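Heavy atoms only: backbone and side chains are in, while hydrogens, waters and symmetry mates are out. As the structure is a computational prediction, the values presented were derived from the model and not from experiment. Here is the naming used below: chain letters follow the sequence lines, and residue numbers restart at 1 for every chain.
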Number of protein chains: 2
Amino acid sequence: MNKSELKVLGVLERVGGFASAQEVYQLLQRGNQSIGLTTVYRALQSLLDDKVVDTLRRDDGEAIYRLCGENHHHHLVCKSCGTTIEIQANAIEKWAQQMASDHGFREVGHTAEIFGICKKC
Amino acid sequence: MNKSELKVLGVLERVGGFASAQEVYQLLQRGNQSIGLTTVYRALQSLLDDKVVDTLRRDDGEAIYRLCGENHHHHLVCKSCGTTIEIQANAIEKWAQQMASDHGFREVGHTAEIFGICKKC
DNA sequence: TCAGAAATGAAAATGATTTTCATTTTCACC
DNA sequence: GGTGAAAATGAAAATCATTTTCATTTCTGA
């Protein structure tokens with residue numbers, strides 16, 4: 001675990017959720033922790049290999065990362081105004097585990113998002 | 001639904017599973033159905049809008065598409081080999097409805113996906 | 001201190017996807 | 001059949017995340 005990886009980890013901690021490589025890079029630039037974009041990618045790859053972070057893809061295909069083992073939540077998003085509400089969902093966690101083990105999957109993760117039009121809109 | 005979209009649909013039918021835009025393009029070139037890559041992308045986008053096809057991302061970020069049945073389902077995806085299993089989930093449907101109505105949302109939709117490493121990998 | 005290894009980052013390369021724009025096709029109407 | 005506006009097409013250029021290259025800098029351990 002070298003210096004760059006620690007900086008990237010620091011950002012992911014502060015963010016407390018998902019961030020893309022580009023976002024991590026931007027955030028480091030804003031602070032006085034600037035490291036090169038290439039190094040950000042390398043650090044993320046290395047953290048992935050060490051299973052310290054977790055990765056997903058946004059709808060647009062951009063990869064996003066977060067610290068493993070953070071308790072995660074889901075989102076309820078308004079399609080119109082963008083308001084986002086965090087929701088906990090034990091039901092979902094259990095469902096994902098159950099489905100995965102039914103089919104012999106391991107190292108399981110999941111995503112779930114609800115979207116609609118909120119009261120105000 | 002125009003001619004290009006029909007050709008793309010034809011390929012997806014023959015493939016009987018997921019294919020990327022680039023793959024659809026290649027397959028059309030091999031047959032005597034050649035259409036431009038741009039048109040393939042446009043046709044896929046249009047089919048997506050019409051909810052005739054379904055999309056996912058490969059690990060490398062490439063988008064893959066397939067015909068979707070009319071019944072709504074979720075996916076269990078192997079991060080390693082890409083194997084995809086369709087799963088039904090009444091629990092999720094109910095959860096989404098419940099959460100949304102709790103917060104006064106309407107016109108509700110949702111996404112949910114489970115990913116992990118399958119038995120074979 | 002010194003040499004070799006590892007880390008770094010700027011710039012170029014890659015590859016999927018999107019945009020641009022000039023051309024072609026379709027289609028309703030005369 | 002002929003006409004023209006609207007839609008479809010595709011080649012080429014642009015975009016953008018990510019990876020590779022490679023010359024330079026920093027570590028590390030003897």
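Looking at residues 6-14 of chain B, you'll see that no heavy atom sits under 4.0 Å from any atom of DNA chain D.
B/Gln45 pairs by the side-chain hydrogen bond (donor to acceptor under 3.5 Å, both in side chains) definition with B/Asp49, not counting sequence neighbours. With sequence neighbours excluded, no residue forms a salt bridge (Lys or Arg N to Asp or Glu O under 4.0 Å) with B/Arg42. Every side-chain contact (heavy atoms from CB on, under 4.5 Å) that A/Ala96 has, sequence neighbours left out, goes to A/His110, B/Ile114. A/Asp102 pairs by the side-chain hydrogen bond (donor to acceptor under 3.5 Å, both in side chains) definition with A/Gln98, not counting sequence neighbours. For A/Asp54, the side-chain contact (heavy atoms from CB on, under 4.5 Å) criterion is met by A/Arg66, A/Cys68, not counting sequence neighbours.
Distance B/Asn2 CG to D/dA8 P: 6 Å, rounded to the nearest Å. One can place CG of A/Asp59 at 15 Å from C1' of C/dT17, the figure rounded to the nearest angstrom. As a whole-Å value, the separation of A/Leu44 CG from C/dT8 C1' is 15 Å.
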> Which nucleotides of nucleotides 12-30 of chain D have their base under 4.0 Å from a protein heavy atom (B), which only their sugar-phosphate (S), and which neither (-), written as one string 5' to 3'?
Replying inline: B----SBBB------S---

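Applying the salt bridge (Lys or Arg N to Asp or Glu O under 4.0 Å) rule to pairs touching residues 18-35 of chain A yields A/Glu23-A/Arg58, sequence neighbours excluded.
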Listing, residues 1-16 of chain B side-chain donor-acceptor contacts under 3.5 Å, not counting sequence neighbours, or none:
from   : atom 1 : to      : atom 2 : distance (Å)
B/Asn2 : OD1    : B/Ser4  : N      : 3.1
B/Asn2 : OD1    : B/Glu5  : N      : 3.0
B/Glu5 : OE2    : B/Ser46 : OG     : 2.9

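Proximity of a side-chain donor or acceptor of B/Arg57 to a complementary backbone N or O of B/Ile64 within less than 3.5 Å is not detected.
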